[in-house]
Structure formats: C-alpha cells, structure tokens
K.L.:
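Attaching a single structure in structure tokens format; questions to follow.
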Amino acid sequence: MKMKIRQLDDEIRSVVRGQTSVGQDGRQALEEAQKAIKQLFARIKDIKDKAEKSEHMVKEITRDIKQLDHAKRHLTASILTLNQLHMLVDGVEKLQMLVKKRQYGEIANLLQGVTNVLDHFQKYMGIPQIAHLSEKSQHIKAELTEQITNDFYNAFSGPSSKHFVANQQLAEACLVVSILEPKVKRDLLKWFVSNQLSEYTHLFQETQDIAWLDKIDKRYQWLKKHLIEFEEKFGRMFPPDWEVSEHIAVEFCHITRRELGKLMSSRRDELNVQLLLFAIQKTTSFESLLARRYSGVTLDSTIVQHFTKKEGPNPFEDNDDSNPFKEDMKKDVDTPSSDKSTAEDTSIVKVSNPFQGIISRCFEPHLNIYVEYQDRNLAQLMDQFVEDMQKAELPKPEIDRANVLPSCAELFVFYKKCLVQCSQLSIGQPMLALTATFQKYLREYAQRVLQNSLPKVGNVTTSTNLIQSLLKEGEITKFSPAEQIKVCSILTTADYCLETTLQLESKLKEKVDPTLANQINLVSEQDVFHNVISNCIHLLVQNLELACEPALTAMNKIQWAAFEAVGDESSYVTAITAHLRQTLPLLRDNLSTSRKYFTKFCMNFANSFIPKFICHLFKCKPVSPIGAEQLLLDTHMLKTILLDLPSLGSVSMRKPPPMYTKIVVKGMTKAEMILKVVMAPHEKESFVDDYIKFLPESDITEFQKVLDMKGLKRSEINSLTEIFRSHQPSLPSTGHQQEHDIISTPTISNTPEHESSRIKKLEKLIKRL
C-alpha cells in the first residue's frame with residue numbers, strides 16, 4: 001500500500017508539473033497565430049492596392065473606346081432619323097400625287113409606312129417641320145376619307161348604281177380604309193349595310209300584308225336571296241376580315257326584331273298561339289342557320305348573353321324506364337296539342353348559338369299567350385283524367401296489380417314537351433309563368449284525380465248512412481280486395497309523382513335563367529303528394545282496423561269471469577289472424593314498388609291497433625285469474641302475429657325493421673303487464689307496489705280500470721286508489737293522462753263525459769238533418 005501511495009504521488013507530481021508547461025505552450029501558440037494574421041492582412045492589403053491600380057489602368061484604356069461607342073450610337077440614330085425624315089417627306093409628297101390619281105393600291109402600301117414613321121416622330125412634334133408634315137398627313141387622310149366615301153356613294157347610290165360592277169379600284173380603296181381611323185370603316189360599313197337593306201325596309205313596311213307573322217318566312221327568304229346575290233357581285237371586293245355579309249345579316253336581325261315588336265304591339269288582338277309558335281319556330285330556325293353560316297364576331301356579346309344556354313348533366317336521368325324525363329331532351333319533340341310543324345327544337349345544341357335570341361326575343365313579351373294556351377290544354381287534360389277515373393273499372397285481384405296510373409305518365413310527358421318548347425322560346429319570365437302553371441295542375445291532379453278517386457270507408461256518402469254508422473258500430477263495410485288494390489295504385493302513383501316532381505324542379509332550375517332559378521320551388525306540390533300518400537296509408541290502416549273491430553267486440557262479450565281452465569287461443573284471435581293473413585299479402589304484393597310505404601303502413605297499423613286492443617281489454621270485466629291467463633295467452637299470440645306482420649304470408653321471411661319491433665314489443669308488453677296485474681292478488685300495499693313495478697308509466701285512470709277488470713267492490717277500489725295516490729304524489733288527482741311515448745292508451749275517449757258529448761253531438765246532427 002505504501003508503494004502504491006508513492007506511485008500515485010509521483011504521478012500527481014508529474015501531472016501538476018506538466019500543467020505549468022502547457023500554459024507556456026498555449027501563450028507561444030497564440031503569439032504565433034497573431035503573427036500569421038498580421039502577415040495575412042498585409043498580403044490582402046497589397047492585393048487590394050494592386051486591384052485598384054489595375055482598375056484605374058483599364059479605365060484609362062477604355063475611356064477612348066466608350067467615347068467612340070457613344071459617338072457611333074448617336075451618329076447611327078441621327079442617320080436613321082434623317083433617313084426616316086427623308087422617307088416621311090418623300091412619302092407625303094407621293095401620297096399627295098397618288099390621292100389625286102386615285103391609285104389606292106399604292107396608297108395603301110405607302111400610307112401604312114408613313115403612319116409608322118409618324119409614330120416614330122411623336123417625340124419630335126415640337127419641331128415645326130415635323131409638325132407641318134404631321135398636319136399634311138392628317139389632311140391627306142381626311143381627303144382620302146372623303147374621296148373614298150364619295151366613290152362608294154357614287155358606286156352604290158349614284159345614277160348608274162344599278163349597273164355598277166365590282167372593280168379593283170374600290171377593292172384597293174377598302175385596303176386604304178382599313179389603315180385609316182377605325183371610325184371611317186365603321187361609318188362606311190354602317191352606310192353600306194343600310195344601303196343594302198333599304199329594299200327590305202321598304203318591302204316589309206308595317207302597313208304591308210307581307211309584314212305580318214303569317215308570312216314571316218318571306219323576310220328570311222329575302223335575306224338569303226340577297227346575301228347570295230351580294231356574295232356573287234361584291235363578295236370579293238371587301239376584305240374577308242370586314243365580314244360584310246355578317247354585318248348585313250346582323251343589321252337585318254336588329255331591324256326585324258324592332259319591326260316585329262312594333263307590329264305585335266299594334267296588332268295584339270290578332271295574335272294567337274298557333275301564329276306565335278309558327279313565327280317563333282321559323283325565327284329560331286333562321287337563327288340556327290345564321291349560326292352555321294357565321295361566327296358571330298360582329299356581335300356585341302351582351303346582346304345574346306341572356307339567351308345562351310348551358311350544357312350540363314340531365315338530373316332527370318335515373319334507372320326508371322317509365323320516367324318521361326329520362327330521354328334525351330335534345331331530340332325534336334312534337335308540340336303538344338298543336339301542329340307538328342311547330343315542334344322543331346333548334347335551340348339546344350352542343351355549341352352555344354351566338355345568334356340565339358337576336359330576333360326571337362321580341363316574342364318574349366307575348367309568350368303569355370303560349371302559357372295561357374298550355375293552361376287551357378292542361379285543364380282539358382285534367383277533365384279527361386277525372387272522367388277516365390270515374391269510368392275506370394275496379395281491378396281484378398286475381399289478375400291485376402297496383403300500377404302507376406297511365407294519366408300520371410301522360411301528364412309528365414306533356415310537361416316535358418312544354419318545358420322543352422318553352423326553353424326554346426325563352427328562359428326568362430315566361431319560364432316562371434309556365435312553372436306556376438305546372439304547380440297549379442300538379443296540385444289539381446293530386447286533389448281531383450288521386451285524392452277524390454280514393455274509395456270511402458263503408459261508402460258513407462249519405463246522411464242516413466252516416467247516422468247508421470254512428471249508431472251501429474261495426475256495421476260499416478270494409479274495402480273489397482279490388483278497392484284495396486285501387487288505393488295501392490293511387491299510393492304508388494303519388495309516390496311516382498313525388499319523385500318526378502323533384503326531378504322536374506331540378507330541370508326547371510337548369511333551364512331557366514340562373515338569376516331566376518331561386519324563384520322556382522315545388523316543395524308545396526311535393527307536400528300535396530305526401531298528403532295523398534298519408535291518406536292512402538290511413539285508409540288502408542282504417543280498413544284493416546274495421547275488419548278487426550268485430551273480433552274485438554266479440555272479445556268484450558266473452559264471460560271472462562266464468563273461465564275454469566286455460567285452453568287454446570280464443571276465436572277472436574283466430575278471426576283477427578285470419579283478417580291479417582288475408583289482407584297483408586295483398587297489400588305487400590301491390591306495394592312491392594313502394595316497399596317503404598308498406599313498412600310505414602305496418603307501423604301505423606301497430607300504433608293504432610295496439611292502443612285500441614288495450615282499450616278493449618279494459619272493457620273485459622270482470623275477469624277472473626283464469627280468464628286473465630286466457631287473455632294473456634291470447635295477447636301473446638297476437639304479439640307473435642304482429643311481430644311477423646311485415647312478412648306475413650311471404651315465402652321469404654324478412655326480419656322486420658327495428659323501429660316496428662320496438663313499437664309492437666312495447667305496446668303488447670304493456671297489455672301483458674296489465675293482465676299480469678289483473679291476475680295478481682289484491683292485497684293493498686303489495687298490489688299497488690306490483691302495479692307500479694309492472695306499469696311505471698301508468699296513471700290513476702288506468703289504475704281504476706284495472707281494478708274494474710278485477711271486479712272489486714267500490715270500497716276496495718276507493719281504498720286502493722288512495723294508496724296509489726299516496727305512492728304517486730306527483731300525479732294530479734284529476735287522473736289526466738301523462739304518457740307521451742309512441743304507444744299511448746286513449747283512455748279519455750272512453751270516459752262517461754266523452755260518451756255523453758258524443759251523444760249530444762249525434763242529437764244535434766239528427767236535428768239538423
């Protein structure tokens with residue numbers, strides 16, 4: 001250990017001594033680094049000095065070269081300017097000579113050069129000589145304008161204009177006009193087009209018979225003939241970019257639109273729909289012809305922007321082959337209730353027509369005639385539908401099935417034709433007016449054709465039958481199978497109308513002007529068809545309830561206190577089951593295309609039948625424990641048949657919807673709990689506790705009815721009622737119903753006060769009759 005200590009001391013001593021030498025080495029290295037930095041700085045400074053000297057030397061060398069370069073550039077610019085000045089002077093002098101000789105071909109070439117040179121001298125306009133040359137150039141242009149204009153006036157409206165033949169001089173003059181100010185070309189074209197159409201304005205004056213709508217095709221024939229003659233005589237004289245033929249056609253359209261507008265306003269009483277459609281059809285055909293012949297470059301884009309249609313997906317297309325809107329609406333469609341010649345559809349094309357509406361928009365203020373005409377056609381069509389429904393025979397259950405009524409498809413086919421035709425005529429306010437007409441007859445179809453064709457339960461149509469139905473419950477006759485099929489047919493028709501109305505609304509919004517699309521809304525019409533569907537389902541539910549009513553009445557007539565043993569299901573259960581097995585397959589087969597409404601029918605029936613069944617249970621009194629067991633067995637059998645109701649009599653057993661199962665289970669479980677309470681002994685405290693346990697949502701009215709079913713004495717009922725009230729302090733003593741769930745027992749309708757009010761109403765009705 002002592003050796004180890006000595007070794008460690010030696011090592012520590014050597015390390016400490018070594019640290020003293022490290023400090024000395026560090027200081028030496030720092031000094032060396034400082035020396036190296038000083039040397040580097042000196043070298044950099046030396047390089048910088050040499051670079052500055054080199055730069056000064058280069059500047060001295062290139063100074064003379066720069067001076068020479070500037071001098072060359074200025075000399076070149078001066079020579080170029082002098083050359084251009086010479087060209088300008090020479091060009092102006094030559095132009096003055098050429099103008100006098102009317103050598104327009106040479107003038108066109110030289111004038112463009114002079115114009116370009118003058119643009120170069122714009123910054124030298126302060127020099128008097130340059131300004132003088134510019135004034136001479138402007139004077140030459142003005143002289144050319146007047147000279148060429150006079151040449152055209154003399155050629156086309158002078159004494160020998162009838163014998164004028166296109167010549168090279170005027171063709172070259174057109175080239176000169178293209179170089180002059182744009183206003184010169186515009187003014188010349190305006191005069192020339194007006195000159196070409198002077199014969200048209202004279203022939204088709206407002207006072208002439210040929211000007212009326214029945215001869216509107218004469219106008220378009222005149223223009224076609226005139227343009228052919230113009231192209232043959234003068235077509236090559238004008239430059240192609242002038243589009244003179246298109247200018248003539250466009251001005252013809254403007255004049256025609258104004259004149260037709262004046263004519264129709266002054267002779268409004270002579271307008272009828274056939275004449276209007278004939279004129280529109282001829283006009284739109286002519287506009288399409290113009291689109292195929294001309295590009296529309298001369299048109300103001302805002303003129304026809306309002307009339308341009310957008311191509312888009314057809315929202316009416318679906319997988320239903322019976323939908324009249326599924327077909328391609330670009331096809332030609334015959335005009336409904338009018339001549340086939342008015343049915344040509346030329347407005348809907350892949351490429352938008354720039355000429356669309358350029359003439360035909362003058363008809364838009366008078367399209368109310370068309371809408372009123374279609375209104376009358378629809379009124380006649382609706383009367384025919386009502387008459388057909390009244391004459392139609394009831395379907396045969398063994399042969400016929402519920403189908404969409406033919407009148408429904410016919411109505412929407414008519415709507416489609418009107419929509420296509422009106423979109424051809426206008427996409428503005430007339431389309432909104434047509435939409436209002438569509439809405440009117442959708443509501444009328446739903447009410448007059450569908451709703452009024454529904455059979456009445458029990459055929460209660462006279463006051464005598466009404467009194468008998470009120471006095472003799474259970475004697476109202478139910479629907480025959482044929483009548484049930486008819487109701488299903490009306491339901492499927494209303495469903496079809498509902499879906500097609502949605503598509504009709506989408507198509508109307510697509511066709512109408514986008515700024516008016518938000519004014520189209522067919523929600524109220526959809527609600528009308530929803531109401532028809534609800535009424536159909538209500539009638540079917542009511543009909544099935546009426547079929548089950550005698551069986552429930554028979555249940556109340558059984559002496560349930562006299563039962564000594566529990567047997568098989570009672571006869572009333574067998575009768576109800578037979579009615580269900582007879583009716584449900586018929587309805588399911590006839591609502592196969594509207595399965596959701598069959599499910600809704602089942603749910604509505606369960607919601608209605610189960611409370612009614614519970615109401616009849618309360619009428620069974622007194623009930624012995626054995627009788628209660630029999631009723632419990634019957635209730636369980638009814639619960640089973642109700643759970644299988646959606647697939648009753650079907651080959652494929654589908655699982656019922658969860659919501660339907662919930663309704664049946666909750667309602668029938670309540671009925672079972674009522675019977676279990678009836679079976680229980682009526683010790684005061686335990687009976688009330690069991691009742692609250694089995695029926696926690698019940699009220700005091702139902703509690704009293706259960707006590708009546710047990711056949712207790714009045715004193716026992718009063719005593720148990722007080723105990724029940726003490727256990728339910730939150731319930732008011734009046735015993736009003738508090739249940740707000742899906743299944744609720746209509747106990748109020750069976751109170752003595754309600755029965756007396758029914759009798760009073762009946763007495764008042766008899767007095768009025």
K.L.:
Determine whether the aromatic ring centres of F609 and F605 lie less than 6.0 Å apart.
P.N.:
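Between F609 and F605, the centre distance is under 6.0 Å.
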K.L.:
Going by an N to O cut-off under 4.0 Å, is there a salt bridge joining E387 and K391?
P.N.:
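Yes, charged N to carboxylate O under 4.0 Å.
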K.L.:
Between I626 and A565, which heavy-atom pair has the shortest distance, and what is it?
P.N.:
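Taking every non-hydrogen atom into account, CG2-N, 3.5 Å.
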K.L.:
Quick check: do C497 and L442 have side-chain heavy atoms less than 4.5 Å from each other?
P.N.:
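With C-beta onward as the side chain, the pair stays apart.
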K.L.:
Tell me the closest heavy-atom pair linking H616 and L552, and the distance in Å.
P.N.:
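Shortest heavy-atom separation between H616 and L552 comes out as ND1-O, 3.6 Å.
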K.L.:
List the steps, then state whether side chain to side chain contact (heavy atoms under 4.5 Å, CB included) holds for Y415 with L378.
P.N.:
CA-CA 9 Å; Y415 275 15; L378 282 169; 3.7 Å; yes
K.L.:
Return yes when atom CG of N718 has more than 12 non-hydrogen atoms of other residues, nucleotides or ligands closer than 6.0 Å, and no otherwise.
P.N.:
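Counting neighbours around CG of N718, more than 12 heavy atoms of other residues, nucleotides or ligands fall under 6.0 Å, so yes.
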K.L.:
Do side-chain atoms of N556 reach the backbone of K619 as a donor and acceptor pair under 3.5 angstrom?
P.N.:
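Judged by distance alone, no pair lies under 3.5 Å.
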K.L.:
Are the side chains of F694 and E672 in touch, meaning some heavy atoms are under 4.5 Å apart?
P.N.:
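They are not in side-chain contact.
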K.L.:
If you measure from NE2 on H530 to CD on Q526, what distance do you get to the nearest 0.5 Å?
P.N.:
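If we round to the nearest 0.5 Å, H530:NE2 and Q526:CD are 6.5 Å apart.
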K.L.:
Does atom CZ (R595) have a neighbourhood of more than 12 heavy atoms from anything else shown, all under 6.0 Å?
P.N.:
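Yes, because the 6.0 Å sphere around CZ of R595 holds more than 12 heavy atoms from other groups.
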K.L.:
Looking at K621 and D708, would you say the former's side chain and the latter's main chain have a donor-acceptor pair under 3.5 Å?
P.N.:
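No: the side chain of K621 does not pair with the backbone of D708.
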K.L.:
If you measure only the distance, is there a donor-acceptor pair under 3.5 Å linking the side chains of N590 and Q484?
P.N.:
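Checked: N590/Q484 side chains show no N/O donor-acceptor pair below 3.5 Å.
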K.L.:
What pair of heavy atoms forms the shortest contact from I641 to L580, and how long is it?
P.N.:
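For I641 and L580, the tightest heavy-atom pair comes out as CG2-CD1, 4.1 Å.
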K.L.:
If the threshold is 4.0 Å, N to carboxylate O, is there a salt bridge linking K676 and E629?
P.N.:
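No.
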K.L.:
More than 12 non-hydrogen atoms from neighbouring residues, nucleotides or ligands closer than 6.0 Å to CD on Q559, yes or no?
P.N.:
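No, the 6.0 Å shell around CD holds no more than 12 heavy atoms from other groups.
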K.L.:
Check this for me: does any side-chain nitrogen of one of K713 and E716 sit under 4.0 Å from a carboxylate oxygen of the other?
P.N.:
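Salt bridge between K713 and E716, a charged N being under 4.0 Å from a carboxylate O: no.
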K.L.:
Can a salt bridge be assigned to the pair K612 and E549 using a cut-off of 4.0 Å between side-chain N and carboxylate O?
P.N.:
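Answer for the salt bridge query: yes.
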K.L.:
Under the salt bridge (charged side-chain N to carboxylate O under 4.0 Å, His left out) test, which residues partner E564, sequence neighbours left out?
P.N.:
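If we apply the salt bridge (charged side-chain N to carboxylate O under 4.0 Å, His left out) test to E564, skipping adjacent residues, there are no hits.
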K.L.:
Are S534 and K600 side-chain neighbours, meaning at least one heavy-atom pair lies under 4.5 Å?
P.N.:
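S534 vs K600: side chains touch.
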K.L.:
Working to the nearest 0.5 angstrom, can you tell me the gap between T599 OG1 and R588 CZ?
P.N.:
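These two atoms lie 10.5 Å from each other.
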K.L.:
Are D634 and Q630 side-chain neighbours, meaning at least one heavy-atom pair lies under 4.5 Å?
P.N.:
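Of all side-chain heavy-atom pairs linking Q630 with D634, at least one is under 4.5 Å.
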K.L.:
Closest heavy-atom contact between Y445 and C408?
P.N.:
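Heavy-atom minimum between the residues: OH-N, 3.1 Å.
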K.L.:
Identify whether the distance between the nearest side-chain nitrogen and carboxylate oxygen of E505 and K509 falls below 4.0 Å.
P.N.:
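Yes.
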K.L.:
Salt-bridge test for K486 and E483: reply yes if a basic N is under 4.0 Å from a carboxylate O, no otherwise.
P.N.:
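Looking at E483 together with K486, the answer is no, because their closest N to O distance does not fall below 4.0 Å.
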K.L.:
Looking only at heavy atoms, what is the nearest atom pair of C488 and L540, with distance?
P.N.:
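Nearest heavy atoms, C488 then L540: SG-CD1, 4.3 Å.
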K.L.:
Given side chains that start at C-beta, do those of S407 and D388 come closer than 4.5 Å, heavy atoms only?
P.N.:
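Of all side-chain heavy-atom pairs linking D388 with S407, none is under 4.5 Å.
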K.L.:
Do Q439 and N521 have side-chain heavy atoms sitting under 4.5 Å apart?
P.N.:
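They are not in contact (no side-chain heavy atoms under 4.5 Å apart), so the answer is no.
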